[in-house]
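All chains are named by letter (A, B, ...) in the order of the sequence lines, taking the proteins before the strands, and each is independently numbered beginning at 1.
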There are 2 protein chains.
Amino acid sequence: MYEMLSKAEVLTDAADTFASCEPRPPVPASRPAAAGAGARCASCMMRHICMAASLEADDVERLDRAMQGWRTVRHNERLFRAGDPFRSLYAVRAGSFKTVVTPERGKEHISGFFMAGDAIGMDGICDETHACDAIALEDSVVCVLPYHLLEALCREIKPLQRQFHRMLSAEIVREANQMMLLGNMSAEQRVASFLLGISARHRARGYSATSFVLRMTREDIGSYLGVTLETVSRTLSKFQHEGLLAVQGKSLELLNLDALDAR
Amino acid sequence: MYEMLSKAEVLTDAADTFASCEPRPPVPASRPAAAGAGARCASCMMRHICMAASLEADDVERLDRAMQGWRTVRHNERLFRAGDPFRSLYAVRAGSFKTVVTPERGKEHISGFFMAGDAIGMDGICDETHACDAIALEDSVVCVLPYHLLEALCREIKPLQRQFHRMLSAEIVREANQMMLLGNMSAEQRVASFLLGISARHRARGYSATSFVLRMTREDIGSYLGVTLETVSRTLSKFQHEGLLAVQGKSLELLNLDALDAR
DNA sequence: CGACTCATTGACCAGACTCAACACCGGTGG
DNA sequence: CCACCGGTGTTGAGTCTGGTCAATGAGTCG
């Protein structure tokens, strides 16, 4: 979602996948973009925050071979839907996603935003069915990692096992923090915390921590934060008046990280 | 606030410890395990919903041998604290716990309640440090499973690996649902949902789904649900007036599950 | 250019919070 | 045995944050 660098700079390999996009199908096609070919983790800019983190070169190679390839997902299309059978995990290679939980009754809820290097789909493991929809916030590319192969590799490659468990655990911690936010923070604090979170994730990826573009709508942000879109808009305006940031539509510049944090 | 449990207090004989003061543990007094010996998963009533689920008998035996034994945690004492080094996972064998996330600034937040058969501590995997406090809601007993041994076993026993991944994923899904609750449900809906959740967990363990004792305070419930203790109290009173339940202090009887669900 | 989605801002209102008083309950100690 | 006490739970009154409804503006795409 948030990269300020040009797409091409991030995509590298993925760029040609984008270039060769087929005419947009009504439903996302699930076939691998590069069937058979490895996913080239070794050349991926996100390898240090992804599944391949802290692996030796030859283990990265094995992971690569397990990859089913890439898949492109166009803006607003779904990578998977709640109820779909769970078969693979996905790693965002380029672009960004939101995950949406839809209760039987009641409004749908955005449960997370995912950018390059993040893994999506871990909620599907427990009952072999995806528990949410994953929707692309822009034209995106994911690496497809069949779960049974990952399981097998985890039994053989200890660092991979460790990294995978770390990622699962990190998701638990992330959600626990989000629960805390939803449970006892004011609307202002939620928005400030959200912006700082985005900022930190940018920094971790080598992008600007203070200047970025929000890929999601105000409504998405509101849903994620448990407030209305009007409140998000008002809060951003207020922060702007106070000189904490500059906002123009989806473009955002944070002017005072400390003051935001003090909320 | 409360005195800490001495580290040396590793359990030798949980049954005896418990029998002397026990209020009403969900788990029947089972035969004591010798110190250092396995935890006797085979005879544990919770084996179906715990780590040993769907394991062959001899694999259960291996898991047993990996167990470091039991540990008792008395009412209001901590199993671990945020910041403690992560070394083991815990499975609640008897009693119950709450987990508390404490932000640098701001009020602490109850992130979960755990009863017999539940696993605690999975948040510690990602950076080898516990991210929350786990506090006993009553005198309790946990099985202690050193994490490095679990990792090793998961590389050898495929069904155990699968079960462990399921448990991690289930925690992610549980939290996602809780986020949804915190994000867009009214106070009444939150309380109703909470009660139905407790009810379902009791049912899954073979206890009464309609009649039980809440081990936590109104304040705990409120923190967990993102409302104040007064709101919890008022809502319970309202539900009682409407004939949906009968409440007397911590004792609760659900009289109309469907009507609660309709909230 | 029109149609649409998305964002901003204002006015009003209600659900939940805060503050406060009081009841209850189990334990403790005189 | 009773008085006392701290922690807990209930209930009421007043307040305010954030939701709802509505109008308008800005941006985008065919």
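Following rounding to the nearest Å, Asp220(B) (CG) and dT8(D) (P) show an atom-to-atom distance of 9 Å. The separation between Arg190(B) atom CZ and dA16(C) atom C1' is 10 Å, rounded to whole Å. The distance between atom CD of Glu138(A) and atom P of dT28(D), rounded to the nearest whole Å, is 15 Å. Put simply, CD1 on Ile221(B) is 12 Å from C1' on dT8(D), counting in whole angstrom units. Atom CD in Glu230(B) sits about 13 Å away from atom P in dT11(D), given to the nearest Å. Here dG26(C) presents its P atom at 17 Å from CG of Asn76(B), a figure rounded to the nearest Å. Separating the CG atom of Leu229(A) from the P atom of dT9(C) is a distance of 13 Å, rounded to the nearest angstrom. Distance, Gln240(A) CD to dT9(C) C1': 14 Å, rounded to whole Å.
Ring geometry, His130(B) versus Phe86(B): the interplanar angle exceeds 60°, so the pair is classed perpendicular (tilted spans 30 to 60°).
At dC17(C), one or more side-chain N or O atoms of Thr231(B) fall inside 4.0 Å of OP1 or OP2 (strictly under the cut-off). Not one side-chain nitrogen or oxygen of Lys250(B) sits closer than 4.0 Å to the OP1 or OP2 atom of dC25(C). Look at Ser237(A) and you won't find any side-chain N or O under 4.0 angstrom from OP1 or OP2 of dT8(C).
No hydrogens or angles were tested; on distance alone, a donor-acceptor pair under 3.5 Å links the side chain of Arg234(A) to the base of dT20(D). With hydrogens and angles ignored, no donor-acceptor pair closer than 3.5 Å exists between the side chain of Gln248(B) and the base of dC24(C).
When the nucleotides dG10(C), dA7(C), dT10(D) are ranked by their closest atom to the side chain of Thr217(A), dA7(C) comes out on top. Ranking dC19(C), dA16(C), dT8(C) by closeness to the Ala187(B) side chain, first place goes to dA16(C). Distance from the side chain of Val247(A) is smallest to dT8(C) among dT8(C), dC19(C), dA16(C).
Val232(A) comes within 4.0 angstrom of nothing in the nucleic acid, heavy atoms only. Contacts of Gly222(B) with the nucleic acid, taken as non-hydrogen atoms under 4.0 Å apart, are absent. Here Leu236(B) lies out of heavy-atom contact (under 4.0 Å) with every strand.
For the residue pair Gly243(A) and Leu255(A), the shortest heavy atom distance occurs at O-CB, 3.6 Å.
Put simply, the side chain of Arg93(A) never gets that close to the backbone of Cys44(A): no donor and acceptor are under 3.5 Å apart.
With rounding to the nearest 0.5 Å, the separation of CG in Leu244(B) from CG in Leu257(B) is 10.0 Å. Note that the CZ atom of Arg203(B) and the CD1 atom of Ile198(B) stand 12.5 Å from one another [nearest 0.5 Å].
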